[in-house]
S.K.: 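I have a structure I would like to understand better, so I am pasting it below and will then ask my questions one at a time.
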2 protein chains.
Amino acid sequence: MALRADARENRERILTAAREAYALHGIDVPMATIARRAGVGVATLYRRFPTRTALVTEAFAEQLAHCVAALDDGLADPDPWRGFCSVVEQVCLMQASERGFTQAFLTQFPDHAGYAEERARAEEGLARLVRRAQEAGRLRRDFTVDDLTLVILANCGAAGVGPDASRRLVAYLLQSFRAPATAPLPPSVRLELDRIVAP
Amino acid sequence: MALRADARENRERILTAAREAYALHGIDVPMATIARRAGVGVATLYRRFPTRTALVTEAFAEQLAHCVAALDDGLADPDPWRGFCSVVEQVCLMQASERGFTQAFLTQFPDHAGYAEERARAEEGLARLVRRAQEAGRLRRDFTVDDLTLVILANCGAAGVGPDASRRLVAYLLQSFRAPATAPLPPSVRLELDRIVAP
DNA sequence: CGCCAAGTGGACGGTATCGTCCGCTTACCC
DNA sequence: GGGTAAGCGGACGATACCGTCCACTTGGCG
C-alpha cells in the first residue's frame, strides 16, 4: 500500500542522509547517525529499511541504474573501443565520486536475489562489450570479462584517494588493454595516505 | 630489560596468532580473539602491545623488512627495468599473500614516528628506482613516484581476491608503465565475489 | 631451596551500537 | 471537523569490544 505523504518524504530524507553518511564515514556508519542526519528517529529508519543491506541497496539504486545505462550507451557506440572505454571510465568514476557505492555494489551483488536477473543481463552485456571490442581488433585477445571485475576491484583502492587517482589508474589500465600503442596520461596525483577510508 | 623465558615465548605466540587472525578476519579482529588463539589472557596481550597499532607493527615487521630488502635488490639489479618490475611484483605479492599486511602498511606508515627515518630512506630509494628506469629509457617519462602508491592501492583491491588476481593486475600495469610494446599475460582468474574480504 | 619480582589470566566497569517496544502524534478519508 | 490507522521518536535491554585492575603463579637468582 502507498506511503503517507510525510512518510514518503522521510523515506527520501533517509536515503539522502544515508548517501551523505556513507560518503563521509564509510558504509559501516552507525544507523543512528544516519537517522539523526535525516532528522528522524531510529525506529522510523528501521521500519522503512529493516536491514542494513536493504538501506544500502535502495540508497544506491540510482547509481546502479546509471551504471546499467552507461553499459547500454557503450554498446550503442558505433566505435566498439570507444564504447568499451567509456563504460570502464564511467563505472570507475562512479566508484570514485560516490563513496560507498562500491562497497554496496560488491557486498550485495552476489546474493541479493531480486537482482539476479538484472545481474545476468549486465553480465551478458559486458561479455558482448568485450567481444565486440576484440573483434574490432582494438582490445587484446587475452582480455577476459573477469578482468573487468579486476578493474573494479583495483579501482576500489584508488577511489579511496579521490577521482583523480582513479582516473589516472584507469588511463594506465586502458592503455594496457588496448591492442598496441600508448598515449599521454592525466596529470600525476599527490596521494594523501592519511585520508584514505578503509575501502 | 630482557624478558623472562616464558614471557618471550608468549610474545612469539601472540605475534603468530595475530598474523593468523588478521589473515582470517581482517585487521579489525577483536584483541580477545587474538589472545584466545595465542592461548594467553588479554592482559598479557595488552602488557606486551599496549595499542592495536603496536601489535600490528610488530606482527608485520618481518614482512616490512622483506619489502625493504626487495627494494635494495631491485636497486642492485644491473638491469634498471628488471629491478623496477621485481620491486613492484614482490611488494604486491606480499600484499596478496600476507592478508592484513597492506592494511597495516597503509594504516600506520603515515604517522608512526619511529619509522619516519626508515620511511624517508624507502622513499628516496623508490625515487631512485624510478629515475634509474626512466633514464634507461625503459620506464615512461610521465610515470611518477606517486604512481607506485597508486599501484599499491590498486593492488589492495585485487589482493583481496588472491595472489593470482594480483599477479594479473600487476602484469597489466607493468605493461602500461613500460615505454613501448606488450607481452603475454598470466592466465585469467575466475573472481569469486563472495569471498572478498573488506580490504 | 626459598624468595620475590616478573608474569599471568580472568573478571569487571565503561562505551558504542543494535534492533525492538510502546505510548504519543498526525495525515487523510468521510 | 472528527475518527482512526498509519506513522513517529526515544527509551531500553541485549550484545560486543575495550582496556584496566588485582589476586594468584612461577621463573630464576642467590
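Sequence lines set the chain letters: A, B, ... in the order given, protein chains first and strands last, and positions in each chain run from 1.
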S.K.: Examine A:Y172 together with A:F177 and report whether their ring centres are nearer than 6.0 Å.
M.R.: no
S.K.: Quick one: which of C:dG9, C:dC18, D:dC18 gets closest to the side chain of B:R52?
M.R.: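 Output: D:dC18.
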S.K.: For residues A:V87 and A:L93: do they belong to one hydrophobic cluster (side chain heavy atoms under 4.5 Å, members Ile, Leu, Val, Met, Phe, Trp, Tyr)?
M.R.: no
S.K.: Rounded to the Å, how far apart are A:R11 CZ and D:dC8 P?
M.R.: 12 Å
S.K.: Starting the side chain at C-beta, find the nucleotide from C:dC28, D:dC18, C:dT17 nearest to B:M31.
M.R.: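 When the side chain of B:M31 is considered, D:dC18 is the closest of C:dC28, D:dC18, C:dT17.
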S.K.: To the nearest angstrom, how far is A:L3 atom CG from C:dA27 atom C1'?
M.R.: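 About 12 Å, once rounded to whole Å.
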S.K.: So if I take every side-chain heavy atom of B:Y46 and compare against C:dG10, D:dC8, D:dT20, which nucleotide ends up nearest?
M.R.: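 Given the options C:dG10, D:dC8, D:dT20, the side chain of B:Y46 is closest to D:dT20.
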S.K.: Closest nucleotide of DNA chain C for B:R4 versus for B:G39: which of these residues is on the 5' side?
M.R.: B:R4
S.K.: Take atom CG of A:L45 and atom C1' of C:dT17, then tell me their distance rounded to the nearest Å.
M.R.: 13 Å
S.K.: Students often get this wrong, so: under 4.0 angstrom with heavy atoms, is B:R36 touching a base, only sugar-phosphate, or nothing?
M.R.: nothing
S.K.: Can you tell me the distance, in whole Å, between the CZ atom of A:R13 and the C1' atom of D:dG7?
M.R.: 14 Å
S.K.: How close or far is atom P of D:dG19 from atom CD1 of B:I34, stated in whole angstroms?
M.R.: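 The answer, rounded to whole Å, is 12 Å.
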S.K.: For B:R47 and for A:V42, locate the closest nucleotide of DNA chain D by heavy-atom distance; then report the residue assigned to the nucleotide nearer the 5' terminus.
M.R.: A:V42
S.K.: Check whether A:Q134 reaches the backbone of A:R141 with its side chain - one donor and one acceptor, N or O, closer than 3.5 Å.
M.R.: yes
S.K.: Can you tell me the distance, in whole Å, between the CZ atom of B:F49 and the P atom of D:dC18?
M.R.: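 From B:F49 CZ to D:dC18 P: 16 Å.
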S.K.: Over how many whole Å does the gap from B:I14 atom CD1 to C:dG9 atom C1' extend?
M.R.: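 Value for this atom pair: 12 Å.
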S.K.: Between B:E9 and B:R13, is there a salt bridge with N-O shorter than 4.0 Å?
M.R.: yes
S.K.: Would you say the side-chain atoms of B:T16 pair up with the backbone N or O of B:E12, donor to acceptor, closer than 3.5 Å?
M.R.: yes
S.K.: With heavy atoms under 4.0 Å as the rule, sort B:A43 into base, sugar-phosphate or nothing.
M.R.: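 Counting heavy atoms under 4.0 Å across all strands, the contact made by B:A43 includes a base.
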S.K.: Rounded to whole angstrom units, what separation is found between the CG atom of A:N10 and the P atom of C:dT26?
M.R.: 13 Å
S.K.: Reading DNA chain D from 5' onward, which residue's closest nucleotide shows up sooner: A:T44 or B:T33?
M.R.: A:T44
S.K.: Looking across every strand, which nucleic acid part, if any, lies under 4.0 Å from B:R8 by heavy atom: base, sugar-phosphate, or nothing?
M.R.: nothing
